[in-house]
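For reference, the structure discussed in these notes is given below.
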Amino acid sequence: MKSAHHRLDISRMGFSRTADVVARTIISVVAWVAIVILAGIAAFLIQNSLKALQELGLWHMVAGSDWFPTSANASFGFLPAEVGSIWVTAIALMLCVPFGILAAIYLSEFANSRVKEVGKTIIEFMAAVPSVVFGLIGMTLLVPLIARIFDLSSGLTGFTAGLCVGIVCLPTIISISEDAMHAVPDELRQGALALGNNRWQMAYKVIVPAASSGIFAAVMLGLGRAIGETMVVLMVAGNAGIIPTSPFLAARTMTATIAQETGEVVRGGLHFSVLFVMGLVLFTITFLINLVADSVLERQRRRWRR
Amino acid sequence: MVDSEKGSFTLEKVSVTYGKEMAVTDVSLFIPARQVMALIGPSGCGKTTLLRCLNRMNDELGNVTVGGKIILDGVDINSPAVDPVALRTQVGQVFQKPNPFPMSIYDNITFGPRTLGIRKKGELDAIVEDTLKRAALWKEVHKNLKKHAFELSGGQQQRLCIARALATSPECLLMDEPCSALDPISTQLIEDTMEKLKNAVTIVIVTHSMQQASRVSDNTAFMLRESMEEPARLIEVSETEKLFTVPSDPRTEAYITGRFG
């Protein structure tokens with residue numbers, strides 16, 4: 001009787017081990033599928049880029065200053081789009097980094113619990129609004145306003161697009177920075193206050209430095225979002241395929257170029273392939289940015305796990 | 001007159017209310033300057049709550065009301081004229097869990113003085129050396145003051161926190177179970193430190209260890225919350241030796257002889 005009972009226990013252990021193996025297999029398969037899809041995307045981009053890379057060479061495109069894809073003497077220089085992307089991204093970051101970090105400090109260190117709850121909900125909602133809506137608002141409100149303020153013939157400029165993209169990126173930066181500050185142990189707040197610091201001194205002397213890697217990661221993710229943003233720039237940047245020497249000129253970003261031209265080109269042709277190279281460049285940039293942000297976040301997580 | 005000595009606290013009918021619930025009531029207590037006062041009692045008896053009244057850290061919790069009077073050097077610290085931020089440079093605190101800031105040893109200690117506007121390197125260097133010596137940490141760390149505070153052991157971190165609290169030259173140091181997260185050797189070092197410190201600062205220590213209270217304190221206050229329905233009260237305060245040998249209240253006797261708590 002005793003030995004039968006004993007055997008029962010062992011067989012049950014065997015069952016739970018089987019369940020564990022099955023669960024683990026399913027989870028690993030799902031994870032690997034995601035990785036394979038990512039690798040597949042990269043492979044697809046590279047495969048379609050090959051034609052342009054072989055016929056024109058990477059340097060001709062990446063450093064070329066003229067974008068005349070349809071003229072008889074076609075030229076596929078990315079610089080107009082690259083400079084457009086840089087303007088838009090730089091202006092977006094100048095807007096959303098300081099505002100985003102200050103808003104995060106407010107939510108994490110100053111707001112009472114009700115304001116914090118409402119604020120976080122609004123920010124999450126903002127993150128879920130499709131960017132085309134921000135484009136619409138930008139087009140009707142910002143474009144005429146910018147034209148009037150800076151006395152421009154048209155308010156469709158890189159600057160306007162930068163402002164709109166900045167608003168699109170704001171929730172990402174606020175939400176991730178706030179998470180990072182929230183993760184700073186409360187003992188540090190108590191310690192700073194007990195040393196005769198007011199809340200603001202506590203926030204900028206202790207909390208922000210302690211959360212700095214998380215804030216950095218937030219900025220990197222915001223940067224990735226800004227570079228990748230397409231719809232807003234299509235709507236308000238002005239869409240000019242020349243190098244914008246000032247942010248107050250019409251511009252076109254890499255994303256907008258791909259979005260606008262892909263539908264009009266011959267499948268499998270040179271222009272088609274060039275757009276894939278542009279996509280590959282974007283893919284690489286955002287991949288690297290995310291990689292850096294992720295490793296920094298991981299470092300922060302390990303730091304507070306002591 | 002002992003009363004007017006700098007760094008003494010006089011508590012008159014102090015009560016603490018969280019929202020609507022009264023946590024502590026009717027505490028009248030004299031904390032003499034430059035001595036060690038131990039607050040003992042079972043968990044939840046309001047020791048830490050009372051301690052946090054002395055540097056107004058309870059203000060930070062939001063809906064806390066402190067009644068009665070707390071007088072430090074003749075000034076009611078709850079009066080509108082008193083800035084809690086300034087008060088805290090006079091009444092330092094050491095916490096239960098060591099909480100060094102994520103920066104170097106040097107920057108941890110100069111944190112308070114910098115807030116007070118001290119910028120001269122010579123002055124700051126002197127403060128760092130002096131406070132580290134008083135906190136019995138100088139010998140271990142003086143060769144590398146730029147070392148990150150997180151690289152120190154738990155006991156060293158706690159002594160660093162003591163040095164950090166001393167750096168604003170407070171009159172009083174509040175210690176909330178400062179040794180509960182530490183090993184016996186670190187505890188010993190901190191108790192030795194307290195013995196030396198009390199020449200210069202008033203120390204109020206909350207402790208769960210009656211042995212520690214009897215080792216380090218001059219006076220001991222016993223607090224008790226007799227049931228969940230009523231707030232905690234001060235049961236008895238007297239010289240430590242007297243409280244632990246001939247307590248005047250039967251509840252104190254029951255607690256120190258280990259019959260509850």
Side-chain angles (χ1 to χ4, degrees), chain A residues 101 104-119 177-218 296-306, chain B residues 48 51-52 54-63 83-104 107-117 148-154 157-158 160-161 163-170 173-176 181:
Chain A
I101 293 173
I105 293 175
Y106 172 74
L107 282 181
S108 167
E109 309 302 328
F110 290 91
N112 63 38
S113 58
R114 191 173 306 158
V115 172
K116 188 171 172 164
E117 207 174 299
V118 173
S177 314
E178 202 275 335
D179 285 348
M181 292 180 206
H182 188 78
V184 174
D186 212 33
E187 290 99 47
L188 293 190
R189 293 187 180 85
Q190 303 271 326
L193 292 172
L195 280 173
N197 289 272
N198 59 35
R199 290 221 148 226
W200 171 241
Q201 289 168 323
M202 171 198 85
Y204 86 85
K205 286 163 71 178
V206 176
I207 307 300
V208 171
S212 57
S213 39
I215 295 170
F216 175 75
V296 171
L297 268 179
E298 184 51 40
R299 187 146 38 105
Q300 161 132 342
R301 252 174 240 135
R302 247 177 287 140
R303 192 162 168 196
W304 297 123
R305 211 179 286 144
R306 76 196 159 99
Chain B
T48 297
L51 189 79
R52 291 169 61 96
L54 302 180
N55 60 349
R56 287 185 60 181
M57 281 293 277
N58 282 329
D59 291 19
E60 304 298 333
L61 298 175
N63 60 344
D83 176 8
V85 173
L87 169 71
R88 290 174 199 146
T89 64
Q90 288 308 301
V91 184
Q93 186 173 356
V94 175
F95 296 82
Q96 190 168 357
K97 203 176 140 204
N99 59 349
F101 300 134
M103 47 186 86
S104 70
D107 290 341
N108 260 281
I109 296 173
T110 55
F111 195 91
R114 281 178 207 268
T115 305
L116 292 175
H148 199 278
F150 287 5
E151 289 170 35
L152 299 173
S153 73
Q157 287 188 4
Q158 193 63 306
L160 174 62
C161 291
R164 186 177 69 184
L166 291 172
T168 57
S169 20
L173 204 54
L174 310 177
M175 302 179 112
D176 188 1

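Salt bridge status for A/R199 with B/E60: present, with a side-chain N to carboxylate O gap under 4.0 Å.
Taking CG of B/N99 as the start and CZ of A/R189 as the end, the distance is 12.0 Å to the nearest 0.5 Å. The CD1 atom of B/I109 sits 11.0 Å away from atom CG of A/L195, with the distance rounded to the nearest 0.5 Å. For the atom pair CD (A/Q190) and CZ (B/F95), the distance works out to 5.0 Å, reported to the nearest 0.5 Å. Atom CZ in B/R88 sits 10.0 Å away from atom CG in A/N198 (nearest 0.5 Å). Expressed to the nearest 0.5 Å, how far CZ of B/F101 lies from CD1 of A/I207 amounts to 8.5 Å. Atom CG of B/L116 and atom CG of A/N197 lie 8.5 Å apart (nearest 0.5 Å).
If you measure heavy-atom distances from B/T168 to chain A, the contacts under 4.5 Å come from the side chain alone. For B/R56, no part lies under 4.5 angstrom from a heavy atom of chain A.
Side-chain atoms of A/Q201 and B/R114 include no donor-acceptor pair closer than 3.5 Å.
Taking the side chain as every heavy atom from C-beta outward, B/Q93 and A/L193 never approach each other to under 4.5 Å.
The environment of CD in A/E117 is sparse: at most 12 heavy-atom neighbours from other residues, nucleotides or ligands sit within 6.0 Å.
Closest approach of B/K97 and A/E187 over heavy atoms only: NZ-OE1, 3.2 Å. Of all heavy-atom pairs between A/A194 and B/N55, the closest is CB-ND2, 4.4 Å.
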